[in-house]
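Excluded from the calculations below are hydrogen atoms, water molecules and symmetry mates; all remaining heavy atoms, backbone and side chain alike, are included.
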Amino acid sequence: MPTTSTDPRSAAAALLVPGTTCHGFAVERCETVPELDSDAYVLRHTASGARLLYLACDDENKAFAIGFKTPPADSTGVFHILEHSVLCGSAKFPVKEPFVDLIKSSMQTFLNAMTYPDKTIYPVATTNEQDLYNLMDVYLDAVFNPAIYTKPTIFEQEGWHYELDLPEDAEGDGSSASLREGTLRYNGVVFNEMKGALSDPMSVLDDAVNAALYPDTAYAHESGGDPRAIPALTYEQFLDTHARHYNPSNSYITLYGDLDMDRSLAFLDERYLSQSSAASRRMDAAVAAGEDPSALAPNPLDVQAPVTCEYKRVEMATTPENALVGLGLVLGSALDRKRTIAADILFEALLGSNEAPVKKAILAAGLGGNVVSYTAAESLQPYELIMLQNAQPGVARELRRVFQDACRDLCEHGVPRERLEAIISSNEYDLRQRDYGIADGVAIACDALSTWLYDDDAATLALKYGPVYEELRSELDGTYFEDLLRELVLENDHMALVELVPVDAGAGSEGAEAAELAAKRDAMTDAELADVVERTAALRAAQEAEDTPEDKATLPRLRVSDIGEARPEPPLVVDTTAPIPCLRHDIPTNRLAYAMQYFDLSCVAFEDLPYVTLLCRLLKQLPTSEHSAEELDNLLAGKLGFLSFTTEVMTQPDVNGARPYLLVSAGALSEKIGALASLPREVWSSTLLADADADRVRDVLTQIRIGLEQGFINNGHSAALGRAMSYSSPSAVVREQLSGVDFYLFLRDLLDHFDERLDDLRAKLAELAGRIFVADGCMASFTGSDEDFDAYWDAAGNLGLGAGDGAGRDALVVPAPCDRHEAFVIPSDICFAASACDPRRLGLDVTGAWAVAANALSYDYLWNEIRVKGGAYGCGFRAAGERQTAFYTYRDPAIDPSIERVERAGAWLGRFEPDEAAFEGFIVSCVSGMDAPVKPYALTKRRNTTYLAGLDPHAREERRAQMLAATPGELRSLGTDVTRIAAESPTCVFGGRDVIAKSNAGFNVVDLMG
């Protein structure tokens, strides 16, 4: 609903006149940003020095963000720990977890905070303006007046602390002997999070490249914190760092959307920017005590003079397949947007696909399994990182030679213009689509800081990309891109070559940490060891203490009455007049069109399902009867926004039913409807599978394997959830065969016997394509205007689909699921665990009240038990619709304590007695999550899934009504069922070998990655 009497752009123009002052803010300038359909106002708070950018636009999903320049001086992760810690209570809101309380009680569409290598950002978004002020109030008090100054336990909980694990028979003894037998360890949320983050070899390599490129600057340090360095951070250093950086003069505030700016500016001025803060009072005290004011300034962010690192070796305890080589090239200045965007386009053209000329040359040289590149544009001196994955030993210098030779050839003979044009077109499609994956205002606030942080006059520089693309299109006629390639690759004196070499785990960080802690324990006196035990007990007591009713009452709350009516959706229409039955979506798309085809896979035998996934990944990578692979690659990028071939499994109303589909999805600009109709068809109908090039196929399969392994390391909770579901759900059994552990094991075996199985693989893929891509069982979907719908089917006809002969239409027979109780060993210092089941197997009807219960369990009981006390980075309980319930943990330092806490979840829910305001908050946040704006493509897929999974089309509104009607008593009545779910849901773990070995849960241990 609009919140102003006129449109937001007109209201802002009337209020924010450049050269005037409004509520202490000097209005410096206004610029139209046509790319975002908005007007940008740049302001400065005169008294405090705070900067402010307002994007006035007609978007109901409003956003606020405050950011600070926070370049680290070391790798203790102090800014990351501060990001967590300031959200653990403040002067005005003295509850333990205001951040979690907001998740539980607001209508937020985004609520988080992020630590970058040189900045920290606290963004929020919501569709309700009063909610935005509530969120702003809590966030602003958190950053300026956090409870960290009076509660050291916050630093211990979120950063790090010692714990002494005593032998079971010595618990409570307190004698010198029992203390000496204890095992000293570190714990803390950020400490454990970064153990997980730095289990990713790509993150370790990126850190090493940064250290080599920028050795004299903040970028040489790990801003998130290195677990080996985090314990060096003291509480006093922690407070000092906050005081020096979290002040208005070092801040950048962004407001976005349909807002009452008179109210917003008054709020900022009166509540915070004109008031003293905890940080300012600490600074004043330091000056009064005689400290040099220059020593109290924020950390500097310096420009690195060019350096060349010819070669650097870093070692990591990980599997041999994780060997990497990284080549980092500094691009120039963040303020040279044309150069940065051009470099991004250029390297995407050279390395963005297997047909890209430089990537093709590197793969042909046999140096590794895959090559990826990444433009790191959000730093003072942007850089390009070219990364060789699954690298052969000792190939670092050879990679640089092959890379430079390929680039030299392109400089001499020209970068293919069709590739550059295709990449530019693809980028422009993405820019028009504006699907950031998060609330628009949050993404835009982060984008703005990629230039604004480095120059006060560059607040909108990163947002106004239209003229840059126009200019780059004109540069296609000259040698601009060749000249840029020569400068960046052949003449660059600011570069680094880094090799990551896997070593045995015994030589890794875990062994070093254990030895360090053993030495620390031996050096501690009995009194110091007793103090560790006492401090841990004090921390536990603080974590278990309930917020007082008076403290809870300080938090702003929305009522159920603040929730508007459900956003109406146009009915889903099955258009049977189209040549293929078509799900028709009448959704505004900003002159884009989306076409999908769902091909029924019930014609495929279960053991052949992994080949379907290979088919999906090889389509687009191989030539067709009409185009070479390179021509096709350019054509798809230039004519379509995207084209994907994936698999989806629709859980059916019958608990034993599973319906897999091969989904073809494509999007295009309205003016390119013809390509939307013709190109997907060309790919699925005429790709030359029967004589596919062996090296090309092997490359694709290797890249799939590498991607799966990265997923196991970084998102093991998703892998564990899928695997745990497969122990009881036929649908999940199918998913595992298509994309989970079973598929991964199939793929590894195929690669191990690739040469002998190649001919059979080609024949199988060709046979499957002929069987799958038929009209029988196909359902189409289209989203776009009526004109685009008509134009699409006029051009598409029947998509060239034959009726099919019906052979094997019921070939799919899914094996009965069984509990395998597996723990998969991955190269990591932490673990991910999940227990999941289909509640229908337990005779449970999962209504909307379950969503409210899941909210309470996730952000009250589990958060406090597993995250706060246990030190895991994440945890939760899911009750997704009526077909999945699951517990999970994310980057967890231990398995058994979390399992025990999950077992007690139902008992906690059975005693759940929230006050009225808190319970309304749970309902508000649940319903608002359901009502949050959804981008057209995501909404299309959701509606299609509802139809194909046989869900009641009114189920969402019924579930919403059930949420609104939920009562505390209803939630308590679910406690017994939650206890049953925890007891009867099979469990799966992905984790490090040492973490799994410490569990007594009797898992069947599988060494997944060798």
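A salt bridge does not link K360 to D633: none of the charged nitrogens lies less than 4.0 Å from a carboxylate oxygen. Between E767 and R762 there is no salt bridge, since no side-chain N of the basic residue sits under 4.0 Å from a carboxylate O of the acidic one.
In this model, no donor atom of one side chain and acceptor atom of the other lie less than 3.5 Å apart for D838 and S729. Looking at R943 and Y947, their side chains never bring a donor and an acceptor atom within 3.5 Å of each other. S835 and S985 share no donor-acceptor pair across their side chains, judged by distance under 3.5 Å alone. Residues S199 and D829 have side chains that never bring a donor and an acceptor to within less than 3.5 angstrom of each other. Residues N656 and R841 have side chains that bring a donor and an acceptor to within less than 3.5 angstrom of each other. If you check the side chains of N322 and T319, you find a donor sitting under 3.5 Å from an acceptor. Between the side chains of E648 and Y598, no donor-acceptor pair is found at a separation under 3.5 Å. S726 and E736 share no side-chain donor-acceptor pair at under 3.5 Å. Under the 3.5 Å distance criterion, with hydrogens and angles disregarded, no donor-acceptor pair is assigned to the side chains of Q703 and N390. Between the side chains of D699 and N354, not a single donor N or O lies within less than 3.5 Å of an accepting N or O.
The backbone N or O of L812 lies less than 3.5 Å from no partner atom in the side chain of S602, so there is not a single donor-acceptor pair. Side-chain atoms of S999 never come within 3.5 Å of backbone atoms of V995 as a donor-acceptor pair (strictly under, hydrogens ignored). Side-chain N or O atoms of R723 include none that pairs as donor or acceptor with a backbone N or O of G740 at under 3.5 Å.
The aromatic ring centroids of F599 and F773 lie less than 6.0 Å from each other.
Each ring-ring contact (aromatic ring centres under 6.0 Å, His included) pair with one or both residues in residues 617-658, not counting sequence neighbours, appears once here: F642-Y937.
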